[in-house]
Amino acid sequence: MPAWALTVDVDAPPDVVWAFIGDPTTVPRWYPKYVACEVAGDRRVLRSAEGAELHERLLERDDARRFYSYSVTAGAPVASHLASFEVSAEGAGSRIRWATQAEPLDPAADIEGRLRPTQADALQRVKRIVESGGA
């Protein structure tokens with residue numbers, strides 16, 4: 001299964017960064033494809049402006065470690081998926097790590113090539129929001 005991780009350093013304390021990225025409802029603020037988010041228990045539903053829905057299951061959460069993982073369950077062309085966020089101290093600021101494992105339904109699909117640029121852009125949005133005090 002293809003696996004990759006992206007990181008971004010943020011000029012803010014880890015607890016401030018975690019308060020933002022660790023809140024599973026903030027996704028529409030930093031991932032522009034989605035305009036709405038609902039969380040009920042361990043289920044998250046993200047909606048695009050076109051009305052498409054991405055269904056996810058929130059898995060492990062460890063606030064002391066500043067870590068949570070999730071899996072796409074419907075709404076994307078994946079046979080399996082597991083991703084996580086983790087915030088750690090880095091110098092005087094923080095580092096966000098977004099790790100992803102995903103198996104596309106189409107074995108010929110380059111899922112990493114399709115997702116990595118969007119994820120990198122999303123992490124830059126998180127950085128701008130947090131560093132500007134908008135978190």
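The structure displayed is predicted, hence computed values, not measured ones.
Shortest non-hydrogen contact noted between Q119 and T100 is NE2-OG1, 3.0 Å. A pairwise comparison of heavy atoms in T118 and R114 identifies OG1-O, 3.8 Å as the closest pair. Summarising the geometry of L58 relative to G41, their closest heavy-atom pair is CD1-O, 4.3 Å, with the distance given to 0.1 Å. Taking both residues in full, the closest heavy atoms of D110 and G113 are given as OD1-N, 2.8 Å, listed atom of the first, atom of the second, then distance. The shortest non-hydrogen separation linking P14 to A89 is CG-CA, 3.7 Å. Across all their heavy atoms, E131 and D11 have their closest contact at OE2-N, 2.7 Å.
Atoms CD and OH, from E53 and Y34 in turn, are 11.0 Å apart once rounded to the nearest 0.5 Å. L46 CG to Y31 OH: the interatomic distance, rounded to the nearest 0.5 Å, is 9.5 Å. Residue I96 holds its CD1 atom at 9.0 Å from CZ of F20, rounded to the nearest 0.5 Å. Annotation: the span from H81 atom NE2 to E56 atom CD amounts to 7.0 Å, rounded to 0.5 Å. Annotation: the span from E103 atom CD to I111 atom CD1 amounts to 8.0 Å, rounded to 0.5 Å. Within the model, atoms SG of C37 and CZ of R29 stand 12.5 Å from one another, a figure rounded to the nearest 0.5 Å.
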Should L59 and S71 be marked as a side chain to side chain contact (heavy atoms under 4.5 Å, CB included) after you check the CA-CA gap, both sets of side-chain angles, and the distance that decides it? CA-CA 7 Å; L59 303 169; S71 179; 3.9 Å; yes

Does W18 form a side-chain hydrogen bond (donor to acceptor under 3.5 Å, both in side chains) with D63? I'd like the steps, not just the answer. CA-CA 8 Å; W18 178 244; D63 286 315; 3.0 Å; yes

Would E38 and R43 count as a salt bridge (charged side-chain N to carboxylate O under 4.0 Å, His left out) if you check the C-alpha gap in whole Å, the side-chain angles of each, and the deciding distance to 0.1 Å? CA-CA 8 Å; E38 294 176 16; R43 304 297 176 179; over 6 Å; no

When you look at R116 and W4, which way does the side chain to side chain contact (heavy atoms under 4.5 Å, CB included) test go after all the steps? CA-CA 8 Å; R116 183 184 274 272; W4 64 95; 3.3 Å; yes

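Using a 4.5 Å cut-off on side-chain heavy atoms (C-beta onward), D106 and P77 make no contact. Looking at V87 and I21, their side chains come closer than 4.5 Å, going by heavy atoms from C-beta outward. Residues V10 and V8 are in side-chain contact: their nearest non-hydrogen atoms beyond the backbone lie under 4.5 Å apart.
Taking the side-chain hydrogen bond (donor to acceptor under 3.5 Å, both in side chains) definition, one finds that R125 meets it with D121, sequence neighbours left out. Residues that satisfy the ring pair (Phe, Tyr, Trp, His ring centres under 6.0 Å) test with F67, not counting sequence neighbours, are absent from this structure.
Linking Ile, Leu, Val, Met, Phe, Trp and Tyr residues whenever their side-chain heavy atoms come within less than 4.5 Å leaves L82 and Y70 in two separate clusters. Hydrophobic clustering (side-chain heavy atoms under 4.5 Å, transitive across Ile, Leu, Val, Met, Phe, Trp, Tyr) keeps V72 apart from V45.
By the 6.0 Å and 45° rule, R97 does not stack over the aromatic ring of F85.
Exactly one residue among R66, R65, R95 makes a salt bridge (Lys or Arg N to Asp or Glu O under 4.0 Å) with E86. That residue is R65.
Side-chain N or O atoms of S94 include none that pairs as donor or acceptor with a backbone N or O of V17 at under 3.5 Å.
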